[in-house]
Amino acid sequence: MLKRLKKGLWNYRNVILIVLIPLLLLPLPVVAGTKEAECAFVLLLMATYWVTEVIPLSMTAMLPAILFPMFGIMKSSSVAKEYFKDFHFLLVGVTCFATSIEKWGLHRRIALRLVTMVGVNPAWLMLGFMTVCAFLSMWVQNTSAVTMVMPIVEAVLQHILKAKEGGCAGQDNPNLQLDDIKLMTNNIHTMTRFVLQAAAPSRSKHDLMVCKAICISIAYSSNIGGITTLPGTSPNLIFSEYLNQIYPNCSCINFGNWLLLCLPISVIMLLLTWIWLHWLFISSDFRFLWRCGGEKSEKERAARKVIEDEYKSLGPMSSQEIFTGVIFLVMVLLWLTRSPGFVPGWASLFPHNSGYISDATVALLLGLLFFIVPIFFIPLHPAAMISWKEFQASMPWKVALLVGGGFALAEGTKESGLSLWVAKLMTPLGDLPVLATIAVACIIVTMVTEVASNAATITIFLPILSPLAEAIHVNPLYVLIPTTLCTSFSFLMPVSNPPNAIVFAYGHFHIMDMVKAGLGVNVIGVLAVLLAVATWGVPLFSLDTYPDWAPVLPGFNSTTP
């Protein structure tokens with residue numbers, strides 16, 4: 001009887017949590033009755049729903065549109081304005097580009113070419129795939145980057161595993177062809193069972209370790225590469241838009257200076273993660289770093305053959321690939337030169353519209369070209385580069401709604417006075433060293449993002465950490481930038497983020513393998529971020545001074561450093 005009751009409660013756990021959580025939080029608006037308490041009720045309710053995922057994340061993001069008008073915090077029309085921002089235009093433009101990359105196979109050409117350049121030694125092969133995935137993640141969603149790269153990785157790994165003396169090296173496996181990536185991705189579990197049964201007899205312990213290291217490295221490199229650019233991952237975009245919303249006079253963050261800050265972080269993390277995974281899974285012998293040449297093993301020759309064959313099968317670059325590549329280069333160039341800071345950018349050509357043009361303007365303009373230009377300039381391909389159906393399938397609508405809910409929540413905390421109340425409550429933290437406070441915040445965020453989505457995590461913490469920075473009279477960027485980066489460090493569990501889950505589904509490693517590897521990468525990531533904000537980040541964003549665009553709370557002198 002007790003066992004059946006437990007089973008029944010477990011089956012209805014979501015319904016129980018949906019009802020129980022608001023009841024537990026109800027004393028806040030009922031007993032306190034202030035606007036701050038009512039907004040805190042909404043904040044805690046959304047945070048709990050986001051962490052437990054008892055209802056879809058995007059639907060939880062709709063709660064401000066229901067509760068803020070009911071509590072009298074904001075009008076319904078005012079809340080609705082928060083759900084579509086500049087962020088969404090940037091997301092639309094970047095998604096157009098990502099759709100074209102995947103449709104025309106440009107990612108395969110880039111991946112195979114770079115991997116061919118680094119060689120097929122397991123260590124160099126891992127670094128090559130990590131570099132490819134990190135590079136793609138700079139421009140497309142992390143999940144898309146992993147989905148693009150993993151089929152190529154799987155094909156190479158299977159040829160390595162099957163390469164035996166007199167074995168089947170170099171033979172084609174029809175189940176692992178790269179021509180139908182989406183079909184294979186949708187049947188990952190079926191394929192994995194087949195692969196494990198077919199290849200298990202030929203797997204040595206070293207082969208298994210190589211597979212573990214390379215597969216885990218793909219998941220990690222997608223997150224590492226994503227932090228490098230503003231459109232690379234959702235938390236970066238959410239942070240950028242939050243900054244524009246809460247501090248409208250702040251014009252410190254743009255594509256160029258974010259790249260200057262985060263590219264070294266990504267490079268440091270990528271190299272140290274590569275070394276860490278090689279030491280953990282493959283070997284502690286790093287003499288291969290200065291040893292070149294030598295006789296290639298059967299497995300290395302098999303791996304090189306499959307890579308070269310796949311690259312040759314792509315043929316010459318198509319006009320669609322060339323067009324996509326040109327648009328990519330133009331987009332990056334326009335982002336970098338729009339407002340570099342140290343010299344006037346091309347945005348200064350519109351002197352009467354200062355601040356009107358953003359990175360979203362560029363992304364949207366170039367994204368629109370994918371629907372128009374080929375009709376006129378590629379006669380052999382009369383249809384557009386991408387269709388609306390293809391774009392719609394790639395557009396992360398869940399993220400768009402989730403982010404909108406976060407913006408509404410942030411505006412509600414400001415309107416209700418909750419942010420000011422939190423700031424006053426956290427004033428005593430000013431007695432601690434600033435770097436210690438930031439380190440604690442980074443560790444907390446890194447822990448939370450392992451059990452909640454990174455977009456939900458940053459949405460929860462931005463309205464908390466921003467008042468914290470104001471309370472201790474520290475440049476808000478000094479606190480918000482490192483914690484934003486740390487929300488992407490979900491390395492411990494396959495369920496921590498979609499890239500981890502996709503790679504785990506291929507069946508080459510166990511959960512404990514990822515936990516062990518992820519602990520080291522988390523430490524690497526937090527230390528690299530703290531190093532960046534304490535050194536080159538200080539002059540880049542003037543982090544050592546309290547900016548004039550941030551409010552000065554009562555009790556602080558505006559000239560206090």
Side-chain angles (χ1 to χ4, degrees), residues 224 227 235-236 238-240 242-243 246-247 250 252-253 257-258 260-269 272 410 413 418-450 454 457-458 460-491 519-561:
I224 293 170
I227 69 172
N236 296 358
I238 296 170
F239 158 74
S240 176
Y242 176 85
L243 207 65
I246 302 301
Y247 305 111
C250 174
C252 307
I253 301 295
N257 56 25
W258 185 270
L260 287 176
L261 173 72
C262 295
L263 182 59
I265 298 176
S266 295
V267 172
I268 292 171
M269 283 190 65
L272 292 181
T413 60
L418 178 63
S419 59
L420 183 61
W421 181 83
V422 172
K424 292 178 179 178
L425 187 67
M426 293 179 172
T427 302
L429 291 176
D431 297 332
L432 293 175
V434 176
L435 204 57
T437 304
I438 296 171
V440 171
C442 288
I443 292 171
I444 293 173
V445 168
T446 303
M447 292 170 60
V448 173
T449 198
E450 298 293 351
N454 54 9
T457 302
I458 193 61
I460 293 168
F461 276 93
L462 282 175
I464 299 173
L465 296 173
S466 181
L468 167 62
E470 296 169 11
I472 61 179
H473 204 66
V474 169
N475 190 325
L477 298 179
Y478 210 165
V479 179
L480 298 183
I481 288 177
T483 47
T484 297
L485 296 176
C486 287
T487 56
S488 295
F489 297 163
S490 47
F491 301 123
L519 285 172
V521 182
N522 273 337
V523 173
I524 291 170
V526 172
L527 292 179
V529 167
L530 292 176
L531 171 66
V533 297
T535 52
W536 64 87
V538 173
L540 194 60
F541 296 106
S542 302
L543 299 180
D544 54 345
T545 59
Y546 194 77
D548 54 6
W549 45 260
V552 179
L553 299 183
F556 280 110
N557 188 312
S558 61
T559 59
T560 303

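Quick note: residue numbers are just sequence positions, from 1.
If you run side-chain contact (heavy atoms from CB on, under 4.5 Å) between Tyr247 and each of Cys252, Pro547, Pro551, only Pro551 comes through.
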Do Phe541 and Ile481 pass the side-chain contact (heavy atoms from CB on, under 4.5 Å) test, and can you show the C-alpha distance, the side-chain angles, and the key distance before you say yes or no? CA-CA 10 Å; Phe541 296 106; Ile481 288 177; 4.0 Å; yes

Does Trp536 form a side-chain contact (heavy atoms from CB on, under 4.5 Å) with Ile265? I'd like the steps, not just the answer. CA-CA 11 Å; Trp536 64 87; Ile265 298 176; 3.9 Å; yes

List the steps and the verdict of side-chain contact (heavy atoms from CB on, under 4.5 Å) for Thr446 and Phe491. CA-CA 9 Å; Thr446 303; Phe491 301 123; over 6 Å; no

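Val521 places none of its side-chain heavy atoms less than 4.5 Å from the side chain of Phe489. Using a 4.5 Å cut-off on side-chain heavy atoms (C-beta onward), Thr487 and Phe461 make no contact. In this structure, the side chains of Leu432 and Ile472 stay at 4.5 Å or more apart for every pair of heavy atoms. Side-chain atoms of Trp258 and Asn236, non-hydrogen and from C-beta on, do get closer than 4.5 Å to each other. Here the side chains of Trp549 and Pro476 are in contact, with some heavy-atom distance below 4.5 Å.
To the nearest 0.5 angstrom, Thr535 atom OG1 is 10.0 Å from Leu530 atom CG. We find the CD1-CG distance between Ile246 and Leu480 to be 10.0 Å, quoted to the nearest 0.5 Å. Rounding to the nearest 0.5 Å gives a distance of 9.0 Å between CG of Asn454 and CD1 of Ile458. Here OG1 of Thr457 is found 9.5 Å from CD of Glu450. Values are rounded to the nearest 0.5 Å. Atoms CG and CG, on Leu540 and Leu477 in that order, are 10.0 Å from each other to the nearest 0.5 Å. Here the SG atom belonging to Cys486 is positioned 8.5 Å from the CD1 atom belonging to Ile227, to the nearest 0.5 angstrom.
The heavy-atom pair separating Ser490 from Thr449 by the smallest distance is CB-O, 3.5 Å. When all heavy atoms of Asn475 and Leu543 are compared, the pair lying nearest together is CB-O, 3.7 Å. Across all non-hydrogen atoms, the minimal contact from Thr483 to Val479 is OG1-O, 2.7 Å.
Using a 30° and 60° split on the angle between ring planes, Tyr546 and His473 fall in the parallel class, below 30°.
The closest donor-acceptor contact from the side chain of Ser466 to the backbone of Leu462 lies at 3.5 Å or more, if one exists at all.
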